[in-house]
Number of protein chains: 2
Amino acid sequence: MSLDRRSGCPINLSLEVFGDRWSLIILRDMIFGGRRHFRELLNGSIEGIASNILADRLKRLMELGMLTKADDPSHKQKAIYSLTEMAITLVPILAHLGAWGRVWLPTSEELSIRAELLEKGGPPMWEKFMDELRHEHLGMALDTASGPSVRATLQAAYQAVVAGKALGASPAA
Amino acid sequence: MSLDRRSGCPINLSLEVFGDRWSLIILRDMIFGGRRHFRELLNGSIEGIASNILADRLKRLMELGMLTKADDPSHKQKAIYSLTEMAITLVPILAHLGAWGRVWLPTSEELSIRAELLEKGGPPMWEKFMDELRHEHLGMALDTASGPSVRATLQAAYQAVVAGKALGASPAA
DNA sequence: GCAACCGATTGCAAAATGCAATCAGATTAG
DNA sequence: CTAATCTGATTGCATTTTGCAATCGGTTGC
């Protein structure tokens, strides 16, 4: 993945940042999955990224200013990755992307429930989520009234669908 | 570009549709640039796509249901490409993408004025634009009160910036 | 006729990707 | 203390994708 600029068009430049098959997947897992470590990203996501590609993309996203890396205080060789404000502001784009994909593409029910909820929540929910991410990754104070975190809400909905499916699909029990 | 599915996640599936360096650029030029022919897309955009890649992507976008192809009645060997509803509904995503890129990436002023206008216009402007695109590409009747077309508005703003730059940059005239 | 143009296709070198094996250092279990 | 395990990567290699230039057969305007 090169960093050269083909043109100053905003859409083109955005595509040069995450117009590949992995960068946005990594950011998705960090944002919605809460993953912060190399291994979590390597083994955690459904799609199965190769370790060299992951290392390359993490490096690239850091160079682009979307991620920062720090030592994990609890483990000397563990690195912890954090989202920058630049990456956090992708939340509305990811929400739109999920909403579009849910309409037009053959998404699976359990994986699209989160997109559906995020779409229904609209900009207010996105703002709350971004605020939570700023707290989590940038150490900023939370300024919206809390309640359950957006990520927890999305995760609970996902679990509910999975559980429902398991029940419905259980063979004549 | 393969069509295999890594997972049913909406974001992943969306990425598999236009998570490459060219598909969205082509759609951008069709949507905002009004380009309908192979040659227009080949020579028209700033980024300079190779003809084999363009042919491949057009074919792929047709297979995915984002484009249709028809004979141009005026020229027997000319093909005219049309956006489908699936592609037209990308307008909000492109608007968000442009807005994000304008904030975080080194965009050029003349190329980002359109993104700025589209952002300021918000969902109402996007709806009007999508309606115009449906008229243009799907032959549907326009149902919003007209005035100048959104594309014309964006284009005029672009021209104004270019003209302004030419004046400002003219050497001691 | 004939040059210019139409939407592609071909050949080829360079780059990116996927995959498995492996690395050195840090931690943990016995 | 020692061996096994876990950390974030790196290496080598085969496959796929890309970028680039040249070219194709057919169509159009002159």
Side-chain angles (χ1 to χ4, degrees), chain A residues 1-7 12 15-26 29-30 33 35-64 66-83, chain B residues 1-7 12 15-26 29-30 33 35-64 67-82:
Chain A
M1 297 281 327
S2 62
L3 293 159
D4 52 301
R5 304 202 196 116
R6 301 185 296 190
S7 88
N12 175 58
L15 271 185
E16 294 190 16
V17 169
F18 40 69
D20 75 287
R21 280 165 101 72
W22 290 113
S23 300
L24 255 196
I25 296 288
I26 293 169
D29 285 346
M30 290 188 69
R35 311 195 195 286
R36 309 287 298 263
H37 299 293
F38 191 94
R39 289 283 158 176
E40 287 177 335
L41 290 162
L42 189 63
N43 305 320
S45 84
I46 317 151
E47 288 89 2
I49 188 172
S51 65
N52 55 345
I53 306 283
L54 176 58
D56 178 77
R57 290 303 185 280
L58 287 172
K59 183 177 153 215
R60 203 177 106 94
L61 288 170
M62 283 172 29
E63 287 166 1
L64 287 164
M66 313 263 291
L67 298 180
T68 56
K69 181 163 85 164
D71 291 338
D72 187 323
S74 69
H75 288 257
K76 212 153 258 173
Q77 91 263 39
K78 237 178 192 171
I80 190 160
Y81 292 91
S82 298
L83 301 166
Chain B
M1 297 281 326
S2 62
L3 293 160
D4 52 300
R5 304 202 195 115
R6 300 184 298 189
S7 89
N12 174 59
L15 271 185
E16 294 189 15
V17 170
F18 41 70
D20 75 288
R21 279 165 104 72
W22 290 113
S23 300
L24 214 53
I25 295 288
I26 293 169
D29 285 346
M30 289 189 69
R35 311 194 197 286
R36 310 287 299 262
H37 299 293
F38 191 93
R39 288 284 157 176
E40 287 177 335
L41 289 162
L42 188 64
N43 305 320
S45 84
I46 317 151
E47 288 88 2
I49 188 172
S51 64
N52 56 344
I53 306 284
L54 175 58
D56 178 77
R57 291 303 186 278
L58 287 173
K59 183 176 154 214
R60 202 177 107 93
L61 288 170
M62 282 170 33
E63 287 166 358
L64 287 164
L67 297 180
T68 57
K69 183 163 85 164
D71 291 337
D72 187 322
S74 69
H75 291 256
K76 211 153 259 173
Q77 91 264 38
K78 235 177 193 173
I80 189 160
Y81 291 92
S82 298

query = Which residues pass the side-chain hydrogen bond (donor to acceptor under 3.5 Å, both in side chains) test with B/Ser7, sequence neighbours left out?
reply = A/Glu47, B/Asn12
inquiry  = What's the separation between atom CZ in A/Arg57 and atom CG in A/Leu41, rounded to the nearest 0.5 Å?
reply    = 13.5 Å
message = Quick check on DNA chain C: between B/Lys78 and B/Ile53, whose nearest nucleotide comes earlier from the 5' end?
response = B/Lys78
task = Please name all residues satisfying side-chain contact (heavy atoms from CB on, under 4.5 Å) with A/Glu40, sequence neighbours left out, ordered by chain then number.
result = A/Arg35, A/Arg36, A/His37
query = Taking only side-chain nitrogens and oxygens of B/Trp22, does any of them come within less than 4.0 Å of OP1 or OP2 of D/dT18?
reply = no
ask   = Rounded to the Å, how far apart are A/Asp71 CG and D/dT7 C1'?
value = 12 Å
query = What's the CZ-P distance between B/Arg35 and C/dG7, to the nearest Å?
reply = 13 Å
key: Nucleotide D/dC24, atom P - distance to CZ of B/Phe38 in whole Å   = 17 Å
request  = Check whether any side-chain heavy atom of B/Ile49 sits under 4.5 Å from a side-chain heavy atom of B/Ile26, and report yes or no.
outcome  = yes
inquiry  = Base contacts versus sugar-phosphate-only contacts with protein, heavy atoms under 4.0 Å: please encode nucleotides 19-30 of chain C as B, S and - from 5' to 3'.
reply    = B-B---BSSS--
query = Over how many whole Å does the gap from B/Leu58 atom CG to C/dG7 atom P extend?
reply = 10 Å
task = Sequence neighbours left out, what passes side-chain contact (heavy atoms from CB on, under 4.5 Å) with A/Ala79? Give chain and number order.
result = A/Lys69, A/Tyr81
key: Interatomic distance, B/His37 NE2 vs D/dT27 P [rounded to whole Å]   = 17 Å
query = C/dT17 phosphate, OP1 or OP2: any side-chain N/O from A/Arg57 under 4.0 angstrom?
reply = yes
query = In whole angstroms, how far is the C1' atom of C/dT17 from the CZ atom of A/Arg60?
reply = 14 Å
Interatomic distance, B/Arg36 CZ vs C/dG7 C1' [rounded to whole Å] = 16 Å
note = For A/Ala50, the side-chain contact (heavy atoms from CB on, under 4.5 Å) test, sequence neighbours excluded, returns A/Asn52, A/Ile53
ask   = B/Lys69 near the nucleic acid: base, sugar-phosphate alone, or nothing, with a heavy-atom cut-off under 4.0 Å?
value = sugar-phosphate
query = Between A/Leu15 (CG) and D/dT18 (P), how many Å, whole number?
reply = 13 Å
ask   = What distance separates B/Ser74 OG from B/Ile80 CD1, expressed to the nearest 0.5 Å?
value = 8.0 Å
